[in-house]
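For reference, the structure is listed below as structure tokens.
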Amino acid sequence: MSKKCKCIVSFLWDFPKEGISYKDITPMLQDPKAMDHAVNLFVERLKSQDIDIVVGIESRGFFFAALLAQKLNAGFVPVRKKGKLPAETLEENYDLEYGIDVLEIHKDAISKGQNVLVHDDVLATGGTARAACNLVERLGGKVVQCNFLIELSFLNGRNKIAGFPVESLIQY
Ligand SMILES: O=P(O)(O)OC[C@H]1O[C@H](OP(=O)(O)OP(=O)(O)O)[C@H](O)[C@@H]1O
Ligand SMILES: Nc1ncnc2[nH]cnc12
């Protein structure tokens with residue numbers, strides 16, 4: 001019997017800017033088995049560490065961060081682009097592969113000493129993940145691991161989050 005292989009990541013050229021090869025994870029979101037497999041791999045790679053909070057980074061980080069939080073019996077905390085969170089926030093400016101932006105977190109979202117897993121779909125230059133880790137640490141949380149579905153290794157994002165354990169499921 002022949003095995004069919006479905007592509008779970010699409011590549012789009014010149015999006016959102018000329019010269020960028022954009023990795024789109026939306027095909028994976030239509031494949032419940034692939035999603036389940038990814039969640040289980042992430043959990044395995046945490047090696048039974050206790051996680052209190054899973055931080056998901058807007059917007060594509062939200063999908064798996066919420067699934068992971070439920071699986072780990074942890075809370076989910078959104079880190080959002082500036083102006084989207086309603087209560088008091090801390091903010092961090094950052095650079096990413098195709099621009100600059102500002103991320104925010106609610107000031108009361110994390111308590112001192114809580115173990116935090118930071119999740120996003122893509123690690124590119126690492127600017128976004130670094131900003132999210134800074135926000136967690138400013139609230140007194142401990143970043144136990146940063147995990148990503150996709151790592152664009154040629155952009156050396158790991159250097160920007162050196163000091164934090166990093167896991168990624170797919171590398172390009
Ligand atoms: O490692 P970096 O160079 O910082 O880039 C990675 C970030 O870029 C993308 O988000 P984007 O800002 O495009 O937002 P979106 O998820 O809302 O599309 C991606 O989802 C990561 O958050
Ligand atoms: N090439 C890329 N594809 C998808 N998300 C990204 N975030 C930063 N660079 C990206």
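First listed ligand is number 1; within each ligand, the first listed atom is number 1.
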Check whether any side-chain N or O of R45 sits under 3.5 Å from a backbone N or O of N147 as a donor-acceptor pair, and report yes or no. no
Please confirm whether F62 and H119 have ring centers closer than 6.0 angstrom. no
Residue pair N134 / R130, side-chain donor-acceptor N/O under 3.5 Å: yes
Between D121 and ligand 2, which part of the residue brings a heavy atom under 4.0 Å of the ligand: side chain, backbone, both or neither? neither
Looking only at heavy atoms, what is the nearest atom pair of A74 and V54, with distance? CB-CG2, 4.2 Å
Considering heavy atoms of the protein only, find what lies nearest to atom 6 (C) of ligand 2 and give residue, atom and distance to 0.1 Å. Y98 OH, 3.5 Å
Note: D121, heavy atoms under 4.0 Å from ligand 1, region reported as side chain
Among all protein heavy atoms, pick the one closest to atom 10 (C) of ligand 2 and tell me residue, atom and distance. E97 OE1, 3.3 Å
Of the side chain and backbone of D120, name the one, both, or neither that has a heavy atom under 4.0 Å from an atom of ligand 1. side chain
Which residue and non-hydrogen atom of the protein lie closest to atom 3 (O) of ligand 1, and at what distance in Å? T125 OG1, 2.6 Å
For the 3.5 Å polar cut-off, considering only N or O atoms, please tell me whether A124 and ligand 1 meet it. yes
Are any of the heavy atoms in L96 under 4.0 Å away from ligand 2? no
Taking every non-hydrogen atom, the tightest pair across Q114 and I53: OE1-CG1, 3.6 Å
All heavy atoms of E58 vs all of K81, minimum pair found to be OE1-N, 2.8 Å
Step by step, work out the side-chain contact (heavy atoms from CB on, under 4.5 Å) result for L152 and E97. CA-CA 10 Å; L152 306 182; E97 193 188 4; 4.1 Å; yes
Purely on distance, is any nitrogen or oxygen of V122 under 3.5 Å from one on ligand 1? no
Counting from 1 in the order shown, the ligand 1 atoms closer than 4.0 Å to a non-hydrogen atom of G127 are 1 (O), 4 (O)
For the CG atom of L169 and the CZ atom of F64, what is their distance to the nearest 0.5 Å? 8.5 Å
Answer side chain, backbone, both or neither: which part of K81 comes under 4.0 Å from ligand 1, heavy atoms only. side chain
Look only at interatomic distance and state if T128 has a nitrogen or oxygen under 3.5 Å from any nitrogen or oxygen of ligand 1. yes
Any N or O of S59 closer than 3.5 Å to N or O of ligand 1: yes
What is the closest protein heavy atom to atom 9 (C) of ligand 1, and at what distance does it sit? R60 NH2, 3.1 Å
According to the interplanar angle, ranging from 0 to 90°, do the rings of F15 and Y22 count as parallel (below 30°), tilted (30 to 60°) or perpendicular (above 60°)? perpendicular
What about Y22: any of its N or O atoms under 3.5 Å from an N or O on ligand 2? no
Closest protein heavy atom to atom 12 (O) of ligand 1, given as residue, atom name and distance to 0.1 Å: L96 CD1, 3.2 Å
Sub-4.0 Å atoms of ligand 2 with respect to non-hydrogen atoms of R60: 4 (C), 5 (N)
